[in-house]
Amino acid sequence: MEPTRDYPLFGGAFSATLPPGAIDVSDLRPVPDNQEVFCHRVTDQSLIIELLELQAHVQGEEAARYHFEDVGGVQEARAVQVETVQPLVLENLALRGCCQEAWLLSGQQQVAKYVALHQALLRLPQYQTDLLLTFNQPPPENRSSLGPENLSILPWSLGDFEQLVTSLTLHDPNIFGPQ
């Protein structure tokens, strides 16, 4: 299955390329209006795209750490460990025209077990918005078994997540309200 290109997000205000096997969680259960959530068809992996209020009190790498720790707090993580934080090259983003800074953070959070998390933070200060994209990657022993009927559906990779991040496109700035 090829990646889904230009998948509409937030009622068509955004679009992005989703990795193969992505299931829109809103078809299965309620999802908050500020989120788009996708799960892998076979594994326990998930992708979350969130529109959040701009946290202007933190800048640069510290903003990425702030959001990572905030997610850990919401999930009641027993441990939160940042492994790397690196800037994303704005020229590589479809949102380069409105994104002031972008960061990629990788780390682990212990909820029931340790889960690897990769987060991209795209800061859109002109819209008072922090756009947070999260790739939850449970350890292999936590993934559902890949039976023979699912051999063609591989687990998502960090490259799939990066494609989602770089392809994210804004079509309707009215999603942010009157400017």
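His40 contributes no side-chain N or O that, together with a main-chain N or O of Leu47, makes up a donor-acceptor pair within less than 3.5 Å. A donor-acceptor contact shorter than 3.5 Å is absent between the side chain of Thr129 and the backbone of Leu131. Looking only at distances, a side-chain donor or acceptor of Thr169 sits under 3.5 Å from a matching main-chain atom of Ser167. Side chain of Trp156 to backbone of Pro20: a donor-acceptor contact under 3.5 angstrom is found.
Within the 4.5 Å cutoff, the side chain of Phe135 has no heavy atoms near those of the Leu164 side chain. Side-chain contact check for Glu36 versus Val31: every heavy-atom pair is 4.5 Å or farther apart. His171 is listed as a side-chain neighbour of Ser15, based on a closest heavy-atom distance under 4.5 Å. Contact annotation: the side chain of Val25 never approaches that of Ile48 to less than 4.5 Å [non-hydrogen atoms, C-beta and beyond]. Annotation: side chain of Cys99 is not in contact with side chain of Leu88 (no heavy-atom distance under 4.5 Å). Looking only at side-chain heavy atoms (C-beta outward), Ile49 and Phe14 stay at 4.5 Å or farther from each other.
What you find for Pro138 and Asn136 is that their closest heavy atoms are CD-O, 3.6 Å. Taking all atoms of both residues into account, the shortest heavy-atom contact from Arg29 to Val37 is NH2-CG1, 4.5 Å. Of all heavy-atom pairs between Gln100 and Pro125, the closest is OE1-CG, 3.1 Å. Counting all heavy atoms, side chain and backbone alike, Val85 lies closest to Ala64 at CG1-CB, 4.1 Å. Summarising the geometry of Phe161 relative to Ala120, their closest heavy-atom pair is CZ-N, 3.8 Å, with the distance given to 0.1 Å. Shortest non-hydrogen contact noted between Leu170 and Cys98 is CD2-SG, 4.3 Å.
Rounded to the nearest 0.5 angstrom, Leu18 CG and Gln163 CD are separated by 9.5 Å. The line from CG of Leu132 to CD of Gln119 is 4.5 Å long, rounded to the nearest 0.5 Å. To the nearest 0.5 angstrom, Phe176 atom CZ is 8.0 Å from Gln126 atom CD. Considering CG of Asn34 and CD1 of Ile175, their distance stands at 9.5 Å, rounded to 0.5 Å. Phe38 contributes atom CZ, which lies 5.0 Å from atom CG of Leu9 (distance to the nearest 0.5 angstrom).
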Return a table of donor-acceptor pairs under 3.5 angstrom between the side chains of residues 69-81 and protein atoms on other chains or two or more places apart.
residue: Arg78; atom: NH1; partner: Val111; partner atom: O; Å: 3.0
residue: Arg78; atom: NH2; partner: Val111; partner atom: O; Å: 2.9
residue: Arg78; atom: NH2; partner: Ala112; partner atom: O; Å: 3.2

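Residue pairs meeting the salt bridge (charged side-chain N to carboxylate O under 4.0 Å, His left out) criterion with at least one member in residues 89-101, sequence neighbours excluded: Glu101-Arg123. For the ring pair (Phe, Tyr, Trp, His ring centres under 6.0 Å) condition, the pairs that include at least one residue of residues 55-97, sequence neighbours left out, are His57-Tyr66.
Applying the side chain to side chain donor-acceptor pair (under 3.5 Å) test between His118 and each of Glu83, Gln137, Glu162 identifies Gln137 as the sole match.
Cluster annotation: Leu52 is not connected to Trp103 through the hydrophobic network of ILVMFWY side chains, with a link wherever side-chain heavy atoms come within less than 4.5 Å. Linking ILVMFWY residues whenever their side-chain heavy atoms come closer than 4.5 Å, directly or via other members, places Leu90 and Tyr127 in the same cluster. At a threshold of 4.5 Å between side-chain heavy atoms, the hydrophobic network of Ile, Leu, Val, Met, Phe, Trp and Tyr places Leu168 and Leu158 in one connected group. Hydrophobic clustering (ILVMFWY, side-chain heavy atoms < 4.5 Å, transitive): Leu51 and Val58 are in distinct clusters. No single ILVMFWY cluster, assembled from side-chain heavy atoms under 4.5 Å apart, contains both Leu117 and Leu121.
Other residues, nucleotides and ligands contribute more than 12 heavy atoms inside 6.0 Å of the CG atom of Asn174.
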Residues Asn92, Thr166; criterion side-chain hydrogen bond (donor to acceptor under 3.5 Å, both in side chains); working and verdict: CA-CA 6 Å; Asn92 293 343; Thr166 58; over 6 Å; no
